[in-house]
Amino acid sequence: MEGPKKKLKNSVIFAIVVFTLLLSACLGVIGYRTYLSGMLKRYQNYERGILNLTVSDFDWDAIEKCIEKQEEDEAFLKLRERMDHIKRNTDIAWLYMFEPLNANEVDNQRYVCTGNRPEEYEAYAARGEKPVWLGKMNGTEVPPAVAQQYVDFYKNSKPGEFWYYPNKTEWGYIYTTSLVVRNSSEKAIGVMSVDIYMRDIERTLRIYPLVVLLATIILSAIFITGLTLWLNRRIIKPLTKLQVSAADFVSKANGEDVESLNFADPCIKTKDEMGSLSNALVQMASETKGYMSKLLAETAEKERISADLNAAANIQASMLPHIMHVSPERNDYELFASMNPAKEVGGDFYDFFFIDKTHLALVIADVSGKGIPAALFMVISKTIIKNRAVSGGNLSPAKILEESNNQLCEGNDAGLFVTVWLGILDLETGIITASNAGHEFPAVRQPGGKFELFQDKHGFVLAGLENSKYTDYQIKLEPGATIFVYTDGVPEATNANEELFELERLEQALNINPNASPEDLLPIVRGEVDKFVGDAPQFDDLTMLSLKYIGKK
């Protein structure tokens, strides 16, 4: 028994060492990159603010004329005064405007104006030099590769776009932000740039790795030593005792006498998980036979429940209308519908029925939740809506939904609700009067056109709030037009990459063959959904209904 103990102990110590070193290294890298990213963001925001302050509310048309004539005038002096003022009152290294010319080795940029502090003017004077003036060439200050980037940015950037260029110069790390200056007609006339020394980052680059290394070595040594001693006392030794008892139990389990199964008490008296595990394993043998008996009983119960669910699914399916022509003798419309629950039974439903000889009601709905509770609420909702529509005395869809909502709100202790789209089609005129209680938008195709979503106004869901009001609207179906309604299981069908099918793909699927009959249209849409979802499981009920208006012949 000594061998496995040493092997486990050594493995644990090795794992602790490796994990600690990797964790320290990762935290060091993450901390450094987080700091670096935050500092760069700080420089970006600071320099962007300076550039916006410099270029805003200024007569750049006048400066454009100065550049063309290469002459300093009153506008130019105002620009220099503004840039000097900003330079004096901010912590920046340089503020300058120039024209990108080319990507040559020398003279690839031409200065327009620079901002200087009083002491910088004094330094220029002491050296017998002039400050950077209008038209001065930059000489060899900018390498050709960088000059080309400036030219590309000058020619291709959008108004308000910034360019960031961190670089190391002979004066240290510099962070440069640039913005293209434009005249009143948005024509680029130059580039305004601001430079800041990145002294904070430069200091961190020197001391951060050394600090992290020393801290990692010291803290890792302390942590590894303490954790190893603790693990050996609280985990390794108790596990060894449990291993001995478990090996004895396994040797007895290979026999045929179930009554002899027992677990030798390893005598672990701690009050932590090890003690709980020891007590649980001691009880395991005596409870095994009971668990087996319960398993057999539960298996039989699951089989019975499965049979009941299959029967419930058949009953639910039988409640939905199967004859796709409600009145077979009529030939002024074609209708087809389908419902595929995510579980054995579901909460989606569709319905269609005649209110009188010329008015056909179409219903599609989605109950919140899934399974048996949703299925029961679906039966209640379907019955109430149909009863209110048929016996309501020519009520409008909005009134039908209002009365159905109030009835469903009574005794709704489970807090379920249902989204409903209800439309009543006048087969004489082709006009659908409809109302929407929080359901998906219908899709409509007029003859010769394509399916498009009809952005109707949504009311609140049924059974959600008593005395809710709903709004009627109308859709005129020309002969040959088709309407398609569905539940959210269609646009929210999800593939293995957690991507949704979405309304855009639904419209594309409907328009694969927009002139198809409803009986052919629904399988096309379902085929596109299945192709998109692939092997991913179905999470929601998927219900569709389509009607093609033929009109009088």
Side-chain angles (χ1 to χ4, degrees), residues 36-37 39-52 54-55 60 63-72 76 79-80 83 86-87 90 92-116 120 123-124 127 129-183 185-202 205-206:
L36 182 62
S37 176
M39 290 301 297
L40 291 179
K41 189 69 174 179
R42 171 187 163 192
Y43 284 122
Q44 289 179 4
N45 292 337
Y46 186 52
E47 293 188 335
R48 285 170 59 174
I50 290 173
L51 289 177
N52 285 327
T54 305
V55 303
W60 293 109
I63 298 300
E64 182 183 17
K65 294 178 181 178
C66 291
I67 296 173
E68 291 174 353
K69 298 178 180 179
Q70 290 296 298
E71 293 179 357
E72 299 182 5
F76 182 86
L79 174 60
R80 172 164 288 174
M83 295 175 68
I86 292 173
K87 181 76 178 293
T90 56
I92 61 177
W94 291 283
L95 178 63
Y96 51 97
M97 179 179 174
F98 62 91
E99 293 179 87
L101 302 177
N102 49 56
N104 294 337
E105 292 284 345
V106 296
D107 293 338
N108 46 40
Q109 295 179 356
R110 182 168 58 187
Y111 284 101
V112 176
C113 188
T114 63
N116 297 278
E120 291 172 328
Y124 279 120
R127 294 193 301 267
E129 300 176 0
K130 291 179 59 178
V132 176
W133 62 87
L134 175 65
K136 179 184 177 182
M137 306 305 292
N138 67 327
T140 59
E141 293 177 7
V142 181
V146 178
Q148 184 61 54
Q149 295 181 58
Y150 273 114
V151 171
D152 295 339
F153 175 67
Y154 177 68
K155 293 181 178 179
N156 303 321
S157 67
K158 299 177 181 178
E161 181 180 349
F162 293 90
W163 180 51
Y164 308 101
Y165 175 53
N167 59 102
K168 186 174 183 181
T169 68
E170 59 183 299
W171 303 284
Y173 281 96
I174 297 292
Y175 199 86
T176 302
T177 301
S178 299
L179 174 68
V180 173
V181 179
R182 302 175 184 275
N183 62 15
S185 61
E186 297 298 335
K187 175 187 174 184
I189 64 171
V191 174
M192 186 73 70
S193 293
V194 60
D195 297 342
I196 296 181
Y197 287 116
M198 296 193 292
R199 296 186 179 91
D200 294 336
I201 293 180
E202 197 170 5
L205 289 175
R206 291 196 299 269

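Along the sequence shown, residues carry numbers from 1.
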Trace of the side-chain contact (heavy atoms from CB on, under 4.5 Å) decision for Tyr96 with Asp195: CA-CA 9 Å; Tyr96 51 97; Asp195 297 342; 3.1 Å; yes

Between Trp60 and Ile189, is there a side-chain heavy-atom distance shorter than 4.5 Å? yes

Test item: Asn108 and Val151 side chains (from C-beta on) under 4.5 Å apart, heavy atoms: no

Nearest 0.5 angstrom please: Arg110 CZ to Asn102 CG, how far? 10.5 Å

Sub-4.5 Å side-chain heavy-atom contact between Phe153 and Phe162: no

Can you tell me how far CD1 of Ile196 sits from CD1 of Ile50, rounded to the nearest 0.5 angstrom? 5.0 Å

Non-hydrogen side-chain atoms of Tyr150 and Ser178 separated by less than 4.5 Å: yes

For residues Val191 and Trp163, determine if any side-chain heavy atom of one lies less than 4.5 Å from a side-chain heavy atom of the other. no

Given side chains that start at C-beta, do those of Leu101 and Glu99 come closer than 4.5 Å, heavy atoms only? yes

Pairwise distance NZ(Lys136) to NZ(Lys130) - rounded to 0.5 angstrom: 10.0 Å

Using the ring of Tyr46 (Phe, Tyr or Trp, six-membered ring only), decide whether Arg48 places NZ or CZ under 6.0 Å from its centre and within 45 degrees of its axis. no

Check against side-chain contact (heavy atoms from CB on, under 4.5 Å), Thr176 and Val194: CA-CA 6 Å; Thr176 302; Val194 60; over 6 Å; no

Looking only at heavy atoms, which two atoms of Met97 and Ile63 are closest? And how far apart? CE-CG2, 4.5 Å

So how far is it from Thr177 OG1 to Leu51 CG, rounded to the nearest 0.5 Å? 6.5 Å

Measure from the side-chain N and O atoms of Glu47 to the backbone N and O of Gln44, and report whether any donor-acceptor pair falls under 3.5 Å. no

Which pair of non-hydrogen atoms, one from Ala93 and one from Tyr197, has the smallest distance, and what is that distance? CB-CE1, 3.8 Å

Which pair of heavy atoms, one from Glu141 and one from Asn138, lies closest together, and at what distance? CG-O, 3.1 Å

Which pair of heavy atoms, one from Phe98 and one from Ser193, lies closest together, and at what distance? CE2-OG, 3.5 Å

Looking only at heavy atoms, the pair that brings Val180 and Ala188 closest together is CG1-CB, 3.5 Å

Please tell me whether Gln109 and Tyr154 have a donor and an acceptor in their side chains that are separated by less than 3.5 angstrom. no

Is the NZ atom of Lys65 crowded by more than 12 outside heavy atoms at less than 6.0 Å? no

Are the side chains of Glu105 and Thr140 in touch, meaning some heavy atoms are under 4.5 Å apart? no

Leu95 CG to Met83 CE distance, which is reported to the nearest 0.5 Å: 4.0 Å

Distance-only side-chain donor-acceptor flag, Asn116 / Thr114, under 3.5 Å: yes

With side chains defined as the heavy atoms from C-beta onward, is the minimum distance between Lys87 and Glu120 less than 4.5 Å? yes

Should the ring pair Tyr175 and Tyr164 be called parallel, tilted or perpendicular, given that the plane angle runs from 0 to 90° and is split at 30 and 60? tilted

Using the side-chain contact (heavy atoms from CB on, under 4.5 Å) rule, take Asn52 and Leu179 through it: C-alpha gap first, then chi angles, then the decisive distance, then the call. CA-CA 9 Å; Asn52 285 327; Leu179 174 68; 4.2 Å; yes

What one should report as the nearest heavy-atom pair of Leu79 and Cys113 is CD2-CB, 4.0 Å

